[in-house]
Amino acid sequence: MLDIKFIRENPGLVKAGIKNKNEKDTVDQILELDKKRREIIRATEELKAKRNKVSQEIGKLKKSGEDASEIIAEMKTVSDEIKSLDDELRRVNEKLNELLMWVPNLPHESVPVGLSEADNVEVRKWIPEDFSFEKDFEYLDHVELGKKLGILDFERGAKISGSGFPVYLGKGAMLERALINFMLNYHIQKHGYKEVLTPFLVNADSMKGTGQLPKMQEDMYFCEKDNLYPIPTAEVPITNLHRNEILSEEELPLKYVGFSACFRREAGSYGKESKGFLRVHQFNKVEMVKFVKPEDSYNALEALVKDAEDILKELKIPYRVIMLATGDLSFAAAKCYDLETWSPAEEKWLEASSCSNFESFQARRANIRFRRKNNKKPEFLHTLNGSGLATSRLMVSILENYQTPEGKVIVPKVLQPYTGFNVIG
RNA sequence: GGAGGGGUGGCAGAGUGGUUGAAUGCGGCGGUCUUGAAAACCGUUGAGGUGUUACAGCCUCCGGGGGUUCGAAUCCCUCCCCCUCCGCCA
């Protein structure tokens with residue numbers, strides 16, 4: 001959510017940001033409602049001040065046994081006026097809030113302007129020393145290979161749940177578990193994150209806090225009986241850990257890392273990019289979340305990306321870092337880097353991580369503040385998060401990049417202590 | 001799921017219709033005293049909105065929402081959460 005004061009004072013900036021993000025511009029409507037809101041507040045507060053004053057007098061009169069029926073009758077009409085003004089105010093506020101909830105975060109000035117993926121900018125690329133893009137044999141894609149090795153079973157997953165719910169078997173399941181543990185330990189030990197294991201079902205307030213609601217309603221699962229949403233990412237519960245809290249300056253920055261299963265309906269996404277792991281309804285992910293002071297957030301973003309990159313370097317998987325253009329940014333993000341890993345079977349780069357700075361957008365929605373040592377007034381802090389990383393996409397990278405001409409898969413060295421074996425097949 | 005109890009400021013804990021945004025204690029901050037510290041004493045110490053150049057002023061908030069009333073932390077409705085006991089259960 002954007003600050004209504006900021007919108008009031010910088011309507012042009014806000015409109016430009018909305019346009020660059022290709023979202024709906026409701027600024028004029030918002031400003032009009034804001035004006036109306038303040039008019040009502042002014043009128044209602046004047047009446048309330050009167051009511052408070054006279055009510056006290058009535059109290060005094062009654063105490064001394066005098067008759068107050070005349071003033072009481074007069075106050076009755078004042079009270080009615082207040083009530084109707086309050087009703088109107090409530091309606092205006094609801095409408096205003098609803099509109100504000102749909103206003104996207106504004107892109108940071110360093111983000112390339114452009115409406116499509118084509119405007120994204122490659123920032124850097126990392127290729128392992130002995131790696132070659134030249135194929136010396138025909139790579140099997142992860143679906144075929146997984147099936148052949150008996151470590152992935154998409155058909156049975158479809159039987160027990162539906163398409164997009166993969167089953168991991170034997171060494172596949174062990175590799176998945178190894179990946180999760182490796183990444184968690186790495187971020188904890190090398191990058192100083194604190195592990196947190198949060199619920200996989202959250203309430204609507206949490207979803208609003210991080211910005212999934214109201215916009216992404218259709219992309220999420222929902223348990224109607226209990227009003228709970230299966231999380232699309234651990235970002236939601238972890239960021240909401242501190243919802244409605246005021247942290248102290250010394251506590252910052254807070255760095256959390258957590259594992260979760262992620263659930264996504266992704267309505268209307270059938271088609272090309274849906275083979276195997278490329279698009280699933282349930283997958284596993286290790287997520288990093290940071291709470292930082294506003295002046296630190298852009299450095300924190302760079303560090304966050306590096307933290308995710310370190311995992312890929314340790315796994316020796318070729319990747320590139322992409323800075324998303326304004327139009328490709330998510331609703332809540334001000335700036336975002338994607339990490340894409342190389343798929344030798346598909347012969348293209350596939351997104352494996354997304355690292356974003358949300359500035360105060362989520363903090364304002366979720367009411368997460370901090371207080372500076374020498375300053376009384378609490379301020380909204382900045383939140384960031386990044387996948388560190390999604391195992392489903394990593395599984396694709398590992399199975400494909402580490403396959404041998406004989407159709408086996410070598411386990412990346414750093415994972416071997418976790419799997420207890422060094423080859424699959 | 002059933003029965004009962006409870007949600008008040010950073011924490012503990014008063015307050016059941018009329019200057020109560022809220023006693024008191026602890027904690028925090030500032031000061032006096034002290035060579036320094038402790039103790040003691042004095043003062044101060046929530047958030048949001050509106051408004052102002054900035055103050056002031058005013059309004060709202062005692063789990064959330066709604067209602068009754070001239071007036072609500074206090075009464076009513078509803079939802080949420082916590083605790084105790086019982087049932088069920090990995």
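To find a chain, count down the sequence lines: A is the first, B the second, and so on, and within it residues start at 1. Only this structure's heavy atoms are used, side chains among them; waters, hydrogens and symmetry mates stay out.
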Atom-pair distance ([atom1] on [X]; [atom2] on [N]), nearest Å:
{"X": "A:I72", "N": "B:U68", "atom1": "CD1", "atom2": "C1'", "answer": "15 Å"}
{"X": "A:F370", "N": "B:A47", "atom1": "CZ", "atom2": "C1'", "answer": "17 Å"}
{"X": "A:R369", "N": "B:A47", "atom1": "CZ", "atom2": "C1'", "answer": "6 Å"}
{"X": "A:D86", "N": "B:G65", "atom1": "CG", "atom2": "P", "answer": "13 Å"}

Note: for A:A73 and A:Q56 on RNA chain B, the residue whose nearest nucleotide lies more 5' is A:Q56
On the nucleotide B:G18, are OP1 or OP2 found under 4.0 Å from the side-chain N or O atoms that A:K62 carries? no
Taking 4.0 Å as the cut-off, does a side-chain nitrogen or oxygen of A:S55 come that near to OP1 or OP2 on B:U19? no
Can a donor-acceptor pair be found, under 3.5 Å and without considering hydrogens, that links the side chain of A:D328 to the backbone of A:L324? no
For [X] against [Y], the heavy-atom pair lying closest together:
{"X": "A:C355", "Y": "A:A308", "answer": "SG-CB, 4.2 Å"}
{"X": "A:W102", "Y": "A:F331", "answer": "O-CE1, 3.4 Å"}
{"X": "A:V111", "Y": "A:A334", "answer": "CG2-O, 3.4 Å"}

Please name the nucleotide paired to B:G27 by Watson-Crick or G-U wobble geometry with both distances under 3.5 Å, or report none. B:U45
Could you tell me whether the side chains of A:Q282 and A:Y221 share a donor-acceptor contact shorter than 3.5 Å? no
Under 4.0 angstrom, heavy atoms only, what part of the nucleic acid is A:I71 near: base, sugar-phosphate, or nothing? nothing
To the side chain of A:K60, which of B:G66, B:C70, B:U19 is closest? B:U19
What string of B, S and - do you get for nucleotides 49-64 of chain B 5' to 3' if you count protein non-hydrogen atoms under 4.0 Å? BSS------BBS----
